[in-house]
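Read the structure below first, then the notes.
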Amino acid sequence: MSETPITIEADSEPTVKFADFGLAPEILRALTDQGYIHPTPIQAAAIPIVLQGRDVMGAAQTGTGKTAGFSLPIIQLLLAHASPSMSPARHPVRALVLTPTRELAVQVAENVKAYAQHTPLRSTVVFGGMDMKGQTIILKGGVEIVIATPGRLLDHIEQKNVSLGQVQMLVMDEADRMLDMGFLPDLQRIINLLPKKRQNLMFSATFSPEIKKLANSFLTDPVTIEVARSNATADKVTQIVYKVAEEAKRDVVEFLIRGRDLKQVLVFSNTKIGASRLSRHLEQGGIKATAIHGDKTQQERMAALDAFKKGEIDVLVATDVAARGLDISDLPCVINFDLPYNAEDYVHRIGRTGRAGASGDALSVYSDKDERLLVDIEKLIKQTITRGELAGFVASSSASAGRGEPSGERRPRRDDSAAGSGAARPPGRTPERERSGERSFTSSSSGGSSGPRSGPYPRRDKVDPWFLTPYEPAKKTTPAVADQVSTSTKPKQKIAVLLGGSPKQ
DNA sequence: AAAAAAT
């Protein structure tokens, strides 16, 4: 065991193949089915370690292939080692994966199911917000792998629908998030029900003191696998912030979305009500949008996510329920309708774009009162985000008020939350026409060259909104989280995985 | 200050 970190570069030639790990043919077949041949760096690092039976503390972002990194070796180990003979159940739970959100649980479960499809291993997912009956039947039928959110799992345990006395492997996914959400007591209760002798894998985006404490109490002699933050924030994602009047934010967001030619956009709102309102606002503008947040029923949440993934809707307006973990692939653009209160969440949010080598845009609108949030974010990511300017929109409400021109907040405008829809919008007009006729914004007095001034929206075919932005190449800096990660718990063995670019000098 | 999660 070496104290020297092993560094794996993401852009080095992929020499390792899944076939090299000694995985069972059934697993390899599942991978081939999905066209996977080469592991991602974290998979290449984690799979052999997990196969050795070691505990793992993984600092890994979503989108790094983390899920396969732990599920493949878990499936392999379960296949290779028979279940404990004393078990009365034919299919006792032998591996347990805990996640902070229901959607993440579903997603992990889908992956596990796919990887184990050619094996006799059974898996299921349990989470709240759904009827317990179906979950109960499957649990009682016996499953080797359970993916769960903590609360509902405890519910099933209390109802004696499942027993965890045979669990050999425990995964805590997004552990930092679980702590944030106050799951620590639940985690403690669940872990108390597990056999003392077991393998533990813990994944976290950050290595806060609390996480270290958790790792120290739950992990035995862990190998730390560091995944430097993908350079997404530095290279591949173009980040721009737009300062606008608070009241104009939603119209600016709409404008930005239209500028994207309605390609799939994920929009983040800090509040559930804000997400719903913005979604409704966009829908009323003829944009196929929907909202996802914790006040929606689980059915609605799943339907929204599904529709977005299928491309049936163009815009998903989400609270931070979707900030982490959700694998929505190939997103070209993320927009922050609100800057997150927690700077760390900014990184998670924009991590939804620029994934898997693709480029992406992360756009944010903010107003005067959010100045401090922006400072915090820039401090965290150690770079200055490009300030974008939008012709046709003013940066602050006071400026527009001072000129006595109509501005977003003054113009009487039906609130989106109101049910009525008749008065403000004459029927029969196309949404496009509605927009230009109905809204007015204070336009910049200078430089009216960016489009027709008859309305707030420059015509898309005439104007590329991106020309408005003076592009400065983003500064390349070592990501802040990677810094924290390097000071991780005293590991016997340490592996650093650098993703998404060359190591910094 | 807000969101998530068992009900």
Side-chain angles (χ1 to χ4, degrees), chain A residues 62 96-109 125-136 139 146-162 164 172-191 193 204-206 210 246 249 266-279 291-302 304-305 316-326 336-349 352 364 366-377:
Chain A
T62 321
L96 175 63
V97 182
L98 298 174
T99 72
T101 66
R102 299 165 180 174
E103 279 77 9
L104 184 54
V106 169
Q107 202 170 271
V108 171
V125 58
V126 301
F127 53 92
M130 302 273 288
D131 198 275
M132 288 192 72
K133 264 184 251 154
Q135 298 176 3
T136 303
L139 286 174
V146 170
I147 299 95
T149 48
R152 178 54 70 91
L153 179 65
L154 282 167
D155 206 349
H156 279 296
I157 291 168
E158 280 162 17
Q159 312 229 358
K160 304 245 185 276
N161 297 334
V162 67
L164 300 181
M172 284 167 278
D173 203 4
E174 309 261 1
D176 50 347
R177 188 66 155 185
M178 288 205 267
L179 287 191
D180 285 350
M181 290 166 62
F183 275 142
L184 186 56
D186 284 354
L187 283 181
Q188 192 68 64
R189 288 178 60 202
I190 291 168
I191 288 171
L193 298 167
S204 173
T206 57
E210 292 76 24
E246 179 67 28
K249 272 164 57 174
L266 179 58
V267 182
F268 282 103
S269 160
N270 281 359
T271 63
K272 292 181 278 199
I273 190 91
S276 280
R277 282 181 183 159
L278 180 59
S279 158
I292 183 169
H293 57 66
D295 276 354
K296 295 254 180 182
T297 68
Q298 197 54 35
Q299 283 81 1
E300 288 172 321
R301 284 164 61 164
M302 293 193 293
L305 194 56
L316 184 65
V317 187
T319 59
D320 278 326
V321 67
R324 302 191 193 194
L326 291 194
N336 286 309
F337 172 67
D338 299 306
L339 287 178
Y341 289 119
N342 188 342
E344 186 66 33
D345 282 334
Y346 175 81
V347 184
H348 287 291
R349 289 179 178 186
R352 308 300 90 209
S364 305
Y366 73 106
S367 66
D368 277 326
K369 66 174 175 52
D370 303 322
E371 203 79 60
R372 209 183 61 81
L373 300 176
L374 183 58
V375 171
D376 289 345
I377 289 165

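Below, each value reflects all heavy atoms present in this structure, side chains not excepted, and no hydrogens, waters or symmetry copies. Numbers restart at 1 for each chain; the letters A, B, ... are given by sequence-line order, proteins then strands. Worth saying up front: this structure is predicted, and the values here are computed from it rather than measured.
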Phosphate OP1/OP2 of [N] contacted by [X] side-chain N/O (<4.0 Å):
{"X": "A:R102", "N": "B:dA4", "value": "no"}
{"X": "A:T149", "N": "B:dA6", "value": "yes"}
{"X": "A:R301", "N": "B:dA5", "value": "yes"}

Name the nucleic acid region contacted by A:G182, choosing base, sugar-phosphate or nothing; use a 4.0 angstrom heavy-atom cut-off, strictly under. nothing

Would you indicate which nucleotide in B:dA1, B:dA6, B:dA3 comes nearest to any side-chain atom of A:Y341? B:dA1

Could you check which of B:dA6, B:dA2, B:dA5 has an atom nearest any side-chain atom of A:R152? B:dA6

Side-chain donor-acceptor pair under 3.5 Å between A:T99 and A:D173, yes or no? no

Say you draw a straight line from CZ of A:R301 to NE2 of A:H293; how long is it, rounded to the nearest 0.5 Å? 9.5 Å

The reported gap from CD1 in A:I157 to CZ in A:R189 (rounded to nearest 0.5 angstrom) is 8.0 Å

Nearest-Å distance, [atom1] ([X]) to [atom2] ([N])?
{"X": "A:I292", "N": "B:dA4", "atom1": "CD1", "atom2": "C1'", "value": "12 Å"}
{"X": "A:I273", "N": "B:dA3", "atom1": "CD1", "atom2": "C1'", "value": "14 Å"}
{"X": "A:H156", "N": "B:dT7", "atom1": "NE2", "atom2": "C1'", "value": "13 Å"}
{"X": "A:D320", "N": "B:dA1", "atom1": "CG", "atom2": "P", "value": "16 Å"}
{"X": "A:L339", "N": "B:dA2", "atom1": "CG", "atom2": "P", "value": "16 Å"}
{"X": "A:L98", "N": "B:dA6", "atom1": "CG", "atom2": "P", "value": "11 Å"}
{"X": "A:D186", "N": "B:dA6", "atom1": "CG", "atom2": "P", "value": "8 Å"}
{"X": "A:F183", "N": "B:dA6", "atom1": "CZ", "atom2": "P", "value": "5 Å"}

Quick check against the 3.5 Å criterion: does A:D338 have a side-chain atom that pairs as donor or acceptor with the backbone of A:P340? no

Taking A:K272 first and then A:D320, would you say they form a salt bridge - that is, a charged N and a carboxylate O separated by under 4.0 Å? no

